[in-house]
Engineer: 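Supplied in C-alpha cells, the structure appears directly below.
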Amino acid sequence: MLAPPGAGKGTQGERIAARYQVPHIASGDIFRDEVARHTPLGERLRGYLDAGDLVPDDVVLSVILDRVLAASRDDGGFVLDGFPRTLTQAQAAAKIASDTGASAQAVVYLDAPVDVLVERLTGRAENRADDAAGVQRHRLEVYAKHTKPLIDYYADRGILVRVDAAPPADEVSGQIFAVLDSIVG
Ligand code: ADP
C-alpha cells in the first residue's frame, strides 16, 4: 500500500488482508504499539512519531523485514501498509525479495486530493496525537518529499495499481478488490 496520510491506507489494508487471508503488517501500528508499551524501542520511536518525522531507515528495516519474511514463509503472503516509505526502504525490500521470493505482486496506490486528506485527518484528530493540525501538515510534506517518488519507482516496475481514494471506503475497497482479484486470484 502506498498512500498519503488520511487516504485510508489502514482501513483498506485491513480489508485486503481479510479478503486474501494474509497478515496485515502496518509499520505505523507496530511503532505506535511499541510506544504505548514503553519498550526501549518505543522510547526511541516516540519523538519521530509525535513530530510526524520518518523513523530512520535502519530502524524501520530491522523491525519490519523479519515480519515480512515470516509472513511470506508461514502465511503465503502479506499486506504491507506504511512500508516502504523511502527509496532506501524500497531498494532494501527489493533486495530481500529477490533473495527470498517474498516479492510484491501489486502496489496499491491510494490517490486523493489534499483537501480530502486534511478533512479525514482532522476528523480523527482526537484519536491520534500526530493528527493535530501542525503535525498533519508536516506529515503531508514528508510524504510528498520522501514517499511520493515511490509512485514512479513502482510504476516503472509495472506493479502500480492506482485507485481513487476520494469515494466512500466501500467503493474504494470494491475498486481495489476488482483489480487484486485478477492479479492474486
Ligand atoms: P500515516 O500514513 O497516516 O502517516 P502511519 O501509521 O503509516 O500513518 O505512520 C505513522 C508514523 O510512523 C509516521 O509518521 C512515521 O513517524 C512512522 N513510520 C511508519 N512507517 C514508517 C516507515 N516505513 N518509515 C519511516 N517511518 C515510518
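This is a predicted model, so every value here is computed, not measured. Whatever order the structure lists ligands and atoms in, that order sets their numbers, starting from 1.
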Engineer: Using residues 164-178 as the side-chain source, report each donor-acceptor pair under 3.5 Å to any protein atom, sequence neighbours left out, with the distance given to one decimal.
Structural biologist:
{"residue": "Asp164", "atom": "OD1", "partner": "Ala166", "partner atom": "N", "Å": "3.0"}
{"residue": "Asp170", "atom": "OD1", "partner": "Arg15", "partner atom": "NH1", "Å": "3.0"}
{"residue": "Asp170", "atom": "OD1", "partner": "Arg15", "partner atom": "NH2", "Å": "3.4"}
{"residue": "Ser173", "atom": "OG", "partner": "Gln12", "partner atom": "OE1", "Å": "2.7"}
{"residue": "Ser173", "atom": "OG", "partner": "Arg15", "partner atom": "NH1", "Å": "2.7"}
{"residue": "Ser173", "atom": "OG", "partner": "Ala169", "partner atom": "O", "Å": "3.0"}

Engineer: Can you give me every donor-acceptor pair (side chain of residues 77-85, partner residue at least two apart or in another chain, under 3.5 Å) with its distance?
Structural biologist:
{"residue": "Asp81", "atom": "OD1", "partner": "Lys9", "partner atom": "NZ", "Å": "2.9"}
{"residue": "Asp81", "atom": "OD2", "partner": "His24", "partner atom": "NE2", "Å": "2.9"}
{"residue": "Arg85", "atom": "NH1", "partner": "Gly82", "partner atom": "O", "Å": "3.1"}

Engineer: Mind checking what makes salt bridge (charged side-chain N to carboxylate O under 4.0 Å, His left out) contact with Asp50, not counting sequence neighbours?
Structural biologist: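 Counting only residues at least two positions away or on another chain, Asp50 forms no salt bridge (charged side-chain N to carboxylate O under 4.0 Å, His left out).
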
Engineer: Would you call Arg19-Asp181 a salt bridge at under 4.0 Å N-O?
Structural biologist: yes

Engineer: Taking all non-hydrogen atoms of both residues, which atom of Ile159 and which atom of Ala104 are closest, and how far apart?
Structural biologist: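 Of all heavy-atom pairs spanning Ile159 and Ala104, the closest is CD1-O, 3.9 Å.
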
Engineer: Answer whether the closest heavy-atom distance between the side chains of Ile30 and Arg67 falls below 4.5 Å.
Structural biologist: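 Side chain of Ile30 against side chain of Arg67, heavy atoms only: contact under 4.5 Å found.
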
Engineer: Name each N or O atom in ligand 1 that is under 3.5 Å from a protein N or O, and give the partner atom and the distance.
Structural biologist:
{"residue": "ligand 1", "atom": "2 (O)", "partner": "Lys9", "partner atom": "NZ", "Å": "3.2"}
{"residue": "ligand 1", "atom": "2 (O)", "partner": "Arg85", "partner atom": "NH2", "Å": "3.2"}
{"residue": "ligand 1", "atom": "3 (O)", "partner": "Arg124", "partner atom": "NH2", "Å": "3.2"}
{"residue": "ligand 1", "atom": "3 (O)", "partner": "Arg139", "partner atom": "NH2", "Å": "2.8"}
{"residue": "ligand 1", "atom": "4 (O)", "partner": "Arg85", "partner atom": "NH2", "Å": "3.0"}
{"residue": "ligand 1", "atom": "4 (O)", "partner": "Arg139", "partner atom": "NE", "Å": "3.4"}
{"residue": "ligand 1", "atom": "4 (O)", "partner": "Arg139", "partner atom": "NH2", "Å": "3.1"}
{"residue": "ligand 1", "atom": "6 (O)", "partner": "Arg32", "partner atom": "NH1", "Å": "2.9"}
{"residue": "ligand 1", "atom": "6 (O)", "partner": "Arg32", "partner atom": "NH2", "Å": "3.0"}
{"residue": "ligand 1", "atom": "7 (O)", "partner": "Lys9", "partner atom": "NZ", "Å": "2.9"}
{"residue": "ligand 1", "atom": "7 (O)", "partner": "Arg85", "partner atom": "NH1", "Å": "3.0"}
{"residue": "ligand 1", "atom": "7 (O)", "partner": "Arg85", "partner atom": "NH2", "Å": "3.3"}
{"residue": "ligand 1", "atom": "8 (O)", "partner": "Arg128", "partner atom": "NH2", "Å": "3.2"}
{"residue": "ligand 1", "atom": "9 (O)", "partner": "Arg85", "partner atom": "NH2", "Å": "3.3"}
{"residue": "ligand 1", "atom": "16 (O)", "partner": "Asp53", "partner atom": "O", "Å": "2.6"}
{"residue": "ligand 1", "atom": "20 (N)", "partner": "Ser27", "partner atom": "OG", "Å": "2.7"}
{"residue": "ligand 1", "atom": "20 (N)", "partner": "Gly82", "partner atom": "O", "Å": "3.3"}
{"residue": "ligand 1", "atom": "20 (N)", "partner": "Arg85", "partner atom": "NH1", "Å": "3.3"}
{"residue": "ligand 1", "atom": "23 (N)", "partner": "Gly82", "partner atom": "O", "Å": "2.8"}
{"residue": "ligand 1", "atom": "23 (N)", "partner": "Gln89", "partner atom": "OE1", "Å": "2.9"}
{"residue": "ligand 1", "atom": "24 (N)", "partner": "Gln89", "partner atom": "NE2", "Å": "2.9"}
{"residue": "ligand 1", "atom": "26 (N)", "partner": "Val55", "partner atom": "N", "Å": "3.0"}

